[in-house]
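Down below is the structure, laid out as structure tokens.
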Amino acid sequence: MFSFKSSTRKIMHYKFSYRNPNTHLIDIALSIDEVKAQQLNLHLPSWRPGRYEIANFAQNILNLGACEEKGDPLEVYKTSKDSWEIRSNTSTSIEVRYSYYAFTMDAGNSWLDEEQLYINFINCAIYAEDRLTQPCSISLDVPENYVCATGLVPQGPHRFIAESYYQLVDSPLIASASLRRIQYSIDGIKCEFNLWIQGELPRTTQQLIHDFERFTKKQVAVMGGFPCEDYHFLFQCLPYKHYHGVEHFNSTTITVGPSEELSERPAYKILLGVSCHELFHTWNVIRLRPKEMVPYNFKEENYHKTGFITEGVTTYYGYLFLVRSNVWSLDE
């Protein structure tokens, strides 16, 4: 359980744990200090950046309750499918506890089993509506030998910090004992590029570095630099047919399969294609963003009229970079 400590900064503290990974239930505790109102409004996003569609993540929320600093329960009312109202009374610190059913494997959802904890925080991190721009801290109660792959800033073993809720939900995380990590860099750029591989990707480290370095170097040359100090490709290599990728602030999550086919050129070419595409999103959409999505509205649809730029231009340039860097042939 979180300790309740006073702070001049309104930080939302999240703790993620689980009892039996085979139930696929993540236990989440959200600690909120500096509560000054008698009513606290909480929400779970309905809109997921990078997908351009409404979602119903709240259907996976179970047993939500709240208590004040002494442990006494507080009244909780559900006001919509993904909103809650807590009567805080005179409490200045509140802890909200609930479980999340994490059993959907793609690049935008969450998964828990005995091999890994995989979280897209947009699915399951409930927020207080007045603290979107305030820092968030993350603590994971996972086995000691688990390694974490994420773009979040580490604060110790299995602990991380985000500058705001916007950054938190733009920073997916994989925690596992079987993660494979490959690193590379580009001359003249102060950025460490990381390939995190969960599952089997039957390509040597040398092959992967050779191809990823080439298209990364071409993008950096064309765009005149790179906007991140570190970047993370999070790969879920699956034993069945799958293909999905989502861009994030300084990372991307990519799910591909079947992994055994990645040893062959056709499937490997697809992996290179989605990787180059998502890397270019670091500029287009993440930083060069449609005005309708500044800032993101997590409660409802974010309509925009420039999809031909957000995805069309990204797809075209993703392929073009692969050809110009000689990672793909012109025929490919």
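Side-chain contact between Glu311 and His281 is present, with at least one heavy-atom pair separated by less than 4.5 Å. In this structure, Tyr14 and Leu168 have side chains that are in contact, with non-hydrogen atoms separated by less than 4.5 Å. By the 4.5 Å heavy-atom criterion applied to side chains, Leu262 and Arg203 are not counted as neighbours. Counting heavy atoms from C-beta outward, Cys124 and Asn60 have side chains that stay 4.5 Å or more apart. Tyr52 has its side chain within reach of Met293: a pair of non-hydrogen atoms, C-beta onward, lies under 4.5 Å apart. Leu272 has its side chain within reach of Trp328: a pair of non-hydrogen atoms, C-beta onward, lies under 4.5 Å apart. Residues Gln198 and Tyr118 are not in side-chain contact: their nearest non-hydrogen atoms beyond the backbone lie 4.5 Å or more apart. When side chains are defined from C-beta on, Leu42 counts as touching Ile32, because their heavy atoms get closer than 4.5 Å.
Note: Ser91 OG to Lys70 NZ = 9.0 Å, rounded to the nearest 0.5 Å. Between the CZ atom of Arg324 and the CD atom of Gln219 there is a distance of 12.0 Å, given to the nearest 0.5 Å. Here the CG atom belonging to Leu322 is positioned 11.5 Å from the NE2 atom belonging to His277, to the nearest 0.5 angstrom. Taking OG1 of Thr79 as the start and CD of Glu85 as the end, the distance is 6.5 Å to the nearest 0.5 Å. Atoms CD and OG1, from Gln167 and Thr133 in turn, are 12.5 Å apart once rounded to the nearest 0.5 Å. Residue Cys228 holds its SG atom at 15.5 Å from NZ of Lys190, rounded to the nearest 0.5 Å.
Leu30 and Leu62 fall into different hydrophobic clusters, where Ile, Leu, Val, Met, Phe, Trp and Tyr side chains are chained together by heavy-atom contacts under 4.5 Å. Hydrophobic clustering, with ILVMFWY side chains joined whenever heavy atoms are under 4.5 angstrom apart, keeps Ile119 apart from Trp196. Phe321 and Tyr231 fall within a single hydrophobic cluster, where Ile, Leu, Val, Met, Phe, Trp and Tyr are joined by side-chain heavy atoms under 4.5 Å apart, directly or via other members. In terms of hydrophobic clustering, with Ile, Leu, Val, Met, Phe, Trp and Tyr side chains grouped at heavy-atom distances under 4.5 Å, Leu64 and Phe298 are assigned to a common cluster. When the side chains of ILVMFWY residues are joined at heavy-atom separations under 4.5 Å, either directly or via intervening members, Phe235 and Tyr146 end up in two distinct hydrophobic clusters.
Proximity of a side-chain donor or acceptor of Glu68 to a complementary backbone N or O of Asp72 within less than 3.5 Å is detected. Using a distance-only test at 3.5 Å, with no hydrogens or angles considered, no donor-acceptor pair links the side chain of Arg159 to the main chain of Ile138. Distance alone, capped at 3.5 Å, places no donor-acceptor pair between the Asn120 side chain and the Asn123 backbone.
In this structure, the ring of Tyr18 has its center no less than 6.0 angstrom from the ring center of Tyr100. Aromatic ring centres of Tyr319 and Tyr316: separated by at least 6.0 Å. A centroid separation of less than 6.0 Å is found between the aromatic rings of Phe103 and Trp111. Note: Phe16 and Phe121 meet the aromatic proximity criterion, with ring centroids under 6.0 Å apart.
Considering every non-hydrogen atom in both Leu25 and Leu112, the closest pair reads O-CD2, 3.5 Å. The shortest non-hydrogen separation linking Tyr165 to Ala125 is OH-O, 2.6 Å.
In this structure, Phe212 and Phe233 have perpendicular ring planes: the angle between them is above 60°, well past the 30° mark. The aromatic rings of Trp283 and Phe280 sit tilted relative to each other, their planes meeting at an angle between 30° and 60°. Classification of the His24-Tyr101 ring pair by plane angle, with boundaries at 30° and 60°, yields perpendicular.
If you run side chain to side chain contact (heavy atoms under 4.5 Å, CB included) between Phe160 and each of Ser171, Cys148, Cys136, Ser139, only Cys148 comes through. Each of Leu208, Thr205, Leu201 was compared with Leu195 under the side chain to side chain contact (heavy atoms under 4.5 Å, CB included) criterion, and only Leu208 meets it.
A salt bridge links Glu192 to Arg181: at least one charged side-chain nitrogen sits closer than 4.0 Å to a carboxylate oxygen.
When the shell of 6.0 Å around CG of Asp187 is examined, it contains 12 or fewer heavy atoms from other residues, nucleotides or ligands. The number of heavy-atom neighbours closer than 6.0 Å to CD of Glu229, taken from other residues, nucleotides and ligands shown, is 12 or below. Within 6.0 Å of NZ on Lys81 lie more than 12 heavy atoms contributed by other residues, nucleotides or ligands. Few gaps surround CD on Glu53; more than 12 heavy atoms of other groups in view lie less than 6.0 Å from it.
The side-chain tip of Arg287 points at the ring of Phe249 from less than 6.0 angstrom away and within 45° of straight on.
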### Message
Go through it in stages, so that I can follow the logic: the residues are Met105 and Tyr240, the test is side-chain contact (heavy atoms from CB on, under 4.5 Å), and I'd like the CA-CA distance, side-chain angles, deciding distance and then a yes or no.
### Response
CA-CA 11 Å; Met105 175 55 74; Tyr240 49 85; 3.6 Å; yes
#### Entry: Trp47 and Glu301: CA distance, side-chain angles, deciding distance, side-chain contact (heavy atoms from CB on, under 4.5 Å) verdict
CA-CA 6 Å; Trp47 177 263; Glu301 297 89 340; 4.2 Å; yes
### Worked verdict on Trp84 versus Ile61 for side-chain contact (heavy atoms from CB on, under 4.5 Å)
CA-CA 12 Å; Trp84 296 262; Ile61 296 286; 4.2 Å; yes
### Query
Given Gln134 and Glu34, is the side-chain contact (heavy atoms from CB on, under 4.5 Å) satisfied, shown in steps?
CA-CA 12 Å; Gln134 300 297 322; Glu34 298 293 317; over 6 Å; no
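Counting only residues at least two apart or in different chains, ring-ring contact (aromatic ring centres under 6.0 Å, His included) contacts with residues 172-195 comprise Tyr184-Phe193, Phe193-Phe226.
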